[in-house]
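Heads up: the structure comes next, in C-alpha cells.
We use all heavy atoms of the structure for the numbers below, so side chains are in, but hydrogens, waters and symmetry mates are not. Letters A, B, ... mirror the listed sequences (proteins, then strands); counts begin at 1.
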Protein chains: 2
Amino acid sequence: MLSSTEENYLKAIYKISERDNKAASTNAISKEMKTTAASVSDMLQRLSSKGLTHYEKYKGVTLTEKGNKIATALIRKHRLWEVFLVEKLDFTWDEVHELAEQLEHIQSIELVNRLDKFLGNPKFDPHGDPIPNADGIFTHRRQVELSELEIGESGALVGVQEDSSTFLQYLDKMGLKLGVELKVLEKFEFDSSVKLLVNHTEQITISNKVCKNLFLKK
Amino acid sequence: MLSSTEENYLKAIYKISERDNKAASTNAISKEMKTTAASVSDMLQRLSSKGLTHYEKYKGVTLTEKGNKIATALIRKHRLWEVFLVEKLDFTWDEVHELAEQLEHIQSIELVNRLDKFLGNPKFDPHGDPIPNADGIFTHRRQVELSELEIGESGALVGVQEDSSTFLQYLDKMGLKLGVELKVLEKFEFDSSVKLLVNHTEQITISNKVCKNLFLKK
DNA sequence: TAATAAATTTAGACTAATCTAAAAATTTAT
DNA sequence: ATAAATTTTTAGATTAGTCTAAATTTATTA
Ligand SMILES: [Mn+2]
Ligand SMILES: [Mn+2]
Ligand SMILES: [Mn+2]
Ligand SMILES: [Mn+2]
C-alpha cells in the first residue's frame with residue numbers, strides 16, 4: 001500500500017514523461033510537486049527500491065509497468081470523481097480538480113468500478129480528458145490544437161490542456177465550453193492572437209496562449 | 001487544518017465520552033484507536049495545545065466546543081457517505097464502514113452539503129444512526145434496546161450499535177434488516193437469549209449479546 | 001579543452017506519529 | 001494506611017517526508 005505522497009509522485013512522473021516524451025528530471029518533478037529537488041531525489045530512490053520506477057542517478061526517472069499501472073489507476077479515479085462532482089453534484093468544471101486530488105487517493109478498486117457504472121461508464125471527464133477503463137486503456141480521440149488550424153477551418157471544442165480555475169473561468173466568460181463550434185476567421189501575426197466565430201454567431205478574439213490550450217475535433 | 005490522525009482522535013474521544021458519559025481515559029482511547037497509551041498521551045497534549053480538547057494529566061480528556069464541532073462534522077460526513085455508497089452504488093450495509101472511514105477525511109464543506117442535498121437530506125444512515133445537519137444538530141429518536149422489551153412486546157428494528165461486518169452479515173443471515181417488526185416470544189433465563197417473531201411469520205432465537213446491539217422503536 | 005553554470009545528490013536537521021521500556025501517579029485491596 | 005496493581009506519562013528511538021546548505025556530476029560556453 002502506497003502513501004498519498006508516493007502516489008502523487010507517480011502521477012507527476014507519468015504526466016511529465018508523457019508531456020516531454022522522455023525520462024522525467026528531478027527538477028521537472030520538483031516543479032510539478034512544488035517541493036525541493038533534494039526531496040525529489042530522496043523519493044526517487046525510495047520509489048525505485050519499491051520497483052515502481054526505473055532510476056539512474058543524474059539520468060532521470062521513468063515508470064515501471066507496475067508504476068504505470070498505479071498512475072493510470074489514479075488518473076482513472078481522478079477523472080471519474082470529476083465527472084461525479086459535475087454531473088451529480090452540480091459543481092462547475094473549474095471547481096472539481098482540487099477535490100478530485102483528494103478523492104483519487106481513496107483506496108478501493110470496487111468503489112471506483114461501481115462509480116464508473118453509476119456514471120454510465122463515461123469516456124471523458126469534464127475537461128475533455130479521456131478516462132482509462134478498468135484495464136488502464138485510454139480511449140483515443142483524433143484532436144488538434146486550435147493554433148494548428150488555418151483560416152477558414154473549423155471544429156468542435158473537445159478538450160482543454162490546463163485545468164486551472166482561472167483558465168476555466170476565463171473560458172466560461174468567453175462562452176467557450178466543451179462542444180461549441182469554432183471557426184478561425186483571422187490570425188494576427190503580431191502576437192499570434194486569433195479571431196474566432198463561436199457557434200456560427202458570436203465573434204471573439206483570443207491570445208495564442210489560450211489557443212495552445214484548446215483541443216478541437218475537425 | 002488537521003491531519004486525518006488528529007481527526008480520528010477527536011472522533012474516538014467523542015464516541016467514548018458519549019458512550020460512558022464522562023471524560024475519555026487514555027486507555028479507552030488507545031483501545032479504540034488500536035495504538036499504545038504512550039502515543040495517546042502524546043497526542044492528547046497536542047490536541048489540547050490546539051484548543052480542541054480539555055485535558056488534565058491523569059484525569060482524562062473531553063472535547064472543547066471547537067473539537068466537538070469537528071467531531072460532529074466528521075460523523076456527518078461518514079454517515080452521508082455511507083448512505084451514498086448503499087443508495088447510489090449498491091454496496092451492502094456491511095461493506096461501507098471502512099470506505100466511509102476514508103471518505104470522511106475529504107476536506108470540503110461544500111462537497112458534504114451538496115452530497116446531503118443529492119441524497120435527499122437523509123436523517124439516518126444505513127445502520128440507523130442519525131445524521132447531524134449542517135449545524136451539527138442530531139435528529140433524536142425514541143428507541144430502546146431489544147433486551148429491555150418484556151415478553152409479548154414488539155417494535156420495529158430501527159438501528160444497530162455495532163457496525164462490524166461480521167455482526168451485520170449475521171443479521172442478514174437471520175433476516176434482520178432495518179424496518180422488520182420484532183415481537184418477543186420467550187426469554188431464556190439461563191443465557192439471556194430471546195426467541196423472536198420476525199414480521200409476524202418466522203421465529204428465531206438470538207443471544208443476549210445480539211439483543212444489546214439492536215435498537216427498536218415500540 | 002578548460003572554466004563556468006546548471007542540475008542533481010548527499011549530509012544533516014526538523015516535525016508528526018508511532019513504538020518500547022522505565023518512571024510516576026492514581027486506584028484498589030489488604 | 002500501606003502495599004500492590006493499574007493507569008498514565010516521560011524518555012528515547014524510529015520512520016516518512018520535508019527542508020537548507022554543501023558537495024558532486026553533467027552540460028554549456030568560451
Ligand atoms: Mn483534474
Ligand atoms: Mn480533468
Ligand atoms: Mn460507519
Ligand atoms: Mn453507520
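- Pairing for D/dG12 goes to C/dC19, judged as Watson-Crick or G-U wobble with the two contacts each under 3.5 Å.
- Counting only heavy atoms from C-beta on, A/Ser25 has its side chain closest to C/dT8 among C/dT8, C/dA11, C/dT18.
- Set against C/dA17, C/dT9, D/dT10, the side chain of A/Tyr58 has C/dT9 as its closest nucleotide.
- The distance from atom CG of A/Leu10 to atom P of D/dG17 is 11 Å, rounded to the nearest whole Å.
- Taking every side-chain heavy atom of B/Ala37 into account, D/dT8 is the closest of D/dG17, D/dT8, D/dT10.
- Considering only the side chain of B/Thr5, C/dT18 comes nearest among C/dT9, C/dT18, D/dA11.
- Residues that satisfy the side-chain hydrogen bond (donor to acceptor under 3.5 Å, both in side chains) test with B/Ser147, not counting sequence neighbours, are B/Glu145.
- Taking only side-chain nitrogens and oxygens, A/Asn27 never comes nearer than 4.0 Å to OP1 or OP2 of C/dA6.
- Two residues, B/Glu6 and A/Thr26, neighbour DNA chain C, and the one matched to the more 5' nucleotide by heavy-atom proximity is A/Thr26.
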- Message: side-chain hydrogen bond (donor to acceptor under 3.5 Å, both in side chains) for A/Ser48 and A/Thr53? Distances and angles first, verdict last.
- Response: CA-CA 5 Å; A/Ser48 289; A/Thr53 54; 2.8 Å; yes
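- Comparing D/dA16, D/dC19, D/dT10 by their nearest atom to the side chain of B/Gln45 picks out D/dT10.
- Distances were taken from every side-chain heavy atom of A/Tyr55 (C-beta onward) to each of C/dT9, D/dG17, C/dA16; the shortest belongs to C/dT9.
- Contact check, B/Ser39 against C/dC19: a side-chain N or O comes under 4.0 Å of OP1 or OP2.
- No side-chain N or O of A/Asn27 forms a donor-acceptor pair with one of A/Ser25 less than 3.5 Å apart.
- Of the candidates C/dT10, D/dA16, C/dT9, C/dT10 carries the atom nearest the A/Lys57 side chain, counting heavy atoms from C-beta on.
- Picking from D/dT8, D/dA21, C/dT18 the nucleotide with the shortest atom distance to the side chain of B/Tyr9 gives C/dT18.
- An OP1 or OP2 oxygen of D/dA16 is reached within less than 4.0 angstrom by no side-chain nitrogen or oxygen of A/Arg46.
- Taking the ring axis of A/Phe84 as reference, the NZ or CZ atom of B/Lys88 does not stay both within 45° of it and closer than 6.0 Å to the ring centre.
- No side-chain donor-acceptor contact under 3.5 Å links B/Asp125 and B/His78.
- Atoms CD (B/Glu56) and C1' (C/dT26) sit 13 Å apart, rounded to a whole Å.
- Out of C/dA17, C/dT10, D/dG17, the shortest distance to the side chain of A/Ser41 is found at C/dT10.
- Note on B/Thr36: a base of the nucleic acid sits closer than 4.0 angstrom, heavy atoms only.
- Between the CG atom of A/Leu2 and the P atom of D/dA16 there is a distance of 13 Å, given to the nearest Å.
- Pair assignment for C/dA5 gives D/dT26, based on Watson-Crick or G-U wobble hydrogen-bonding distances that are each under 3.5 Å.
- In this entry the distance linking CE of B/Met43 with P of D/dT9 reads 14 Å, nearest Å.
- Which of C/dC19, C/dA17, D/dT9 sits closest to the side chain of B/Thr35 comes down to C/dC19.
- One interatomic measurement links the two molecules: NZ of B/Lys59 to P of D/dT8, which rounds to 11 Å at whole-angstrom precision.
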